[in-house]
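Read through the structure below, which is laid out as structure tokens, and then see the notes.
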Amino acid sequence: MSAQPCRFIALNSALEVLVYQTSKDASASAAARIASLIRSKPSATLGLATGSTPIAVYQELVRMHRLEGLSFSNITSYNLDEYYPISPLNDQSYRWFMHQNLFQHIDIPANQAHVLDGTVPAHAASEHADQFDRWIEQAGGLDLQLLGIGRNGHVGFNEPFEASLIDACDLPTRLIELHPVTIADAAPAFHGSQNVPTHALTVGTRQILKARQILILAFGKNKADAVAASLQGLAESEVPASLLQTVADRVVWFLDEDSAAGLKV
Ligand code: F6R
């Protein structure tokens with residue numbers, strides 16, 4: 001049984017913000033929601049994230065697959081993003097990450113687990129991104145989107161930029177230039193910022209915000225400012241995770257005490 005949140009913060013009536021004592025408890029709780037969706041809809045369409053944040057969620061899903069018979073055989077998944085350009089054999093690629101942390105441990109068929117292709121030629125990148133959106137739409141949209149958050153408030157690789165709220169909430173899957181904060185955060189993994197790809201492919205806010213359930217996870221002190229700005233600042237393109245306020249009734253935030261530290265209750 002998963003841990004109970006130690007605090008439930010009602011910032012407004014629609015918004016669920018769950019604060020757990022540890023990121024492990026929060027991850028187990030998020031995994032339990034994903035498992036419950038899969039049990040009620042074995043053919044669910046999942047939007048998946050990478051990075052350090054969801055690793056414990058994937059570990060818990062793998063445990064449930066092994067010990068509790070949770071099956072992913074009819075699941076279709078679409079990953080949020082991929083560096084560009086990058087080979088899937090590069091151990092920093094998100095394709096590699098998903099294989100290592102989830103796909104190789106569960107029974108999802110390879111052709112149902114979609115990750116944007118970091119090797120597509122530049123002239124075909126936009127068609128590839130459009131195709132990814134069409135696939136998600138043909139699947140009926142995402143039943144559940146799992147998200148982390150960048151220190152700059154990004155979700156997927158939808159980086160901060162200036163736009164009207166309407167435009168910011170309707171971004172397609174596309175090739176983007178990475179923000180300096182994102183490059184700085186990725187630098188250690190790539191052994192220096194000069195080795196971090198300057199670009200990435202990302203699912204846009206259009207598909208993310210249309211997801212029928214959105215679970216966003218943030219752990220650690222270095223996420224506290226982004227969490228506070230996303231939850232208690234204006235909904236604006238400069239803080240992409242704040243755009244989740246526009247669909248608050250479908251969003252659940254899973255925090256630990258450190259990432260919740262900036263919230264004014
Ligand atoms: C990864 C992704 C990113 C990360 C964010 C946080 O697929 O979409 O938005 O969720 O950069 O990364 P971590 O979890 O490494 O702090």
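Because the structure is a prediction, the values reported are computed rather than measured. Numbering of ligands and ligand atoms starts at 1, following listing order. All heavy atoms count here, side chains included; hydrogens, waters and symmetry mates do not.
The contact set between ligand 1 and Gly51, taken as ligand atoms under 4.0 Å from a residue heavy atom, comprises 14 (O), 15 (O).
When non-hydrogen atoms are compared, ligand 1 lies under 4.0 Å from the backbone of Ile149 (N, CA, C, O) but not from its side chain. Under 4.0 Å from ligand 1, the heavy atoms of Asp81 that appear belong solely to its side chain. Counting heavy atoms closer than 4.0 Å to ligand 1, residue Leu80 contributes side-chain atoms (C-beta onward) but none from N, CA, C or O.
When the salt bridge (charged side-chain N to carboxylate O under 4.0 Å, His left out) test is applied to Glu137, the partners found at least two apart in sequence or on another chain are Lys210.
Of the protein's non-hydrogen atoms, Ser52 N, 2.9 Å is the one closest to atom 15 (O) of ligand 1. Counting protein heavy atoms only, atom 10 (O) of ligand 1 is closest to Gly148 CA, 3.3 Å. Remark: minimum distance from atom 1 (C) of ligand 1 to any protein heavy atom is reached at Thr50 OG1, 3.1 Å. Counting only heavy atoms of the protein, atom 5 (C) of ligand 1 lies nearest to His154 NE2, 3.3 Å.
Remark: Ile75 CD1 to Leu46 CG distance equals 4.5 Å, nearest 0.5 Å.
Any N or O atom pair closer than 3.5 Å counts here, and Ala49 shares no such pair with ligand 1. For Tyr94, no nitrogen or oxygen atom sits less than 3.5 Å from a nitrogen or oxygen atom of ligand 1, counting backbone and side chain alike.
Val227 and Val181 are not part of a single hydrophobic cluster, where members link through side-chain heavy atoms under 4.5 Å apart.
The option from Gly47, Gly156, Ala226, Ala186 that lies nearest to atom 9 (O) of ligand 1, judged by heavy atoms, is Gly156. Between the choices Thr53, Asp185, Asn222, Val181, the shortest heavy-atom distance to atom 14 (O) of ligand 1 belongs to Thr53.
For Glu162, the CD atom is loosely surrounded, since the number of other residues' heavy atoms within 6.0 Å does not exceed 12. More than 12 heavy atoms of other residues, nucleotides or ligands lie within 6.0 Å of CG in Asp258, so this atom counts as buried by the packing criterion. A 6.0 Å sphere centred on CD1 of Ile166 holds no more than 12 heavy atoms belonging to other residues, nucleotides or ligands.
Defined by atom type and a distance below 3.5 Å, a donor-acceptor pair is present between the side-chain atoms of Asp256 and Ser259.
Residue contacts with ligand 1 include Lys223, since one or more of its heavy atoms lies under 4.0 Å from the ligand.
Ring centroid separation for the pair Phe219 and Tyr20 does not come in under the 6.0 Å cut-off.
Between His114 and Phe132, the ring-plane angle classifies as perpendicular under the 30° and 60° cut-offs.
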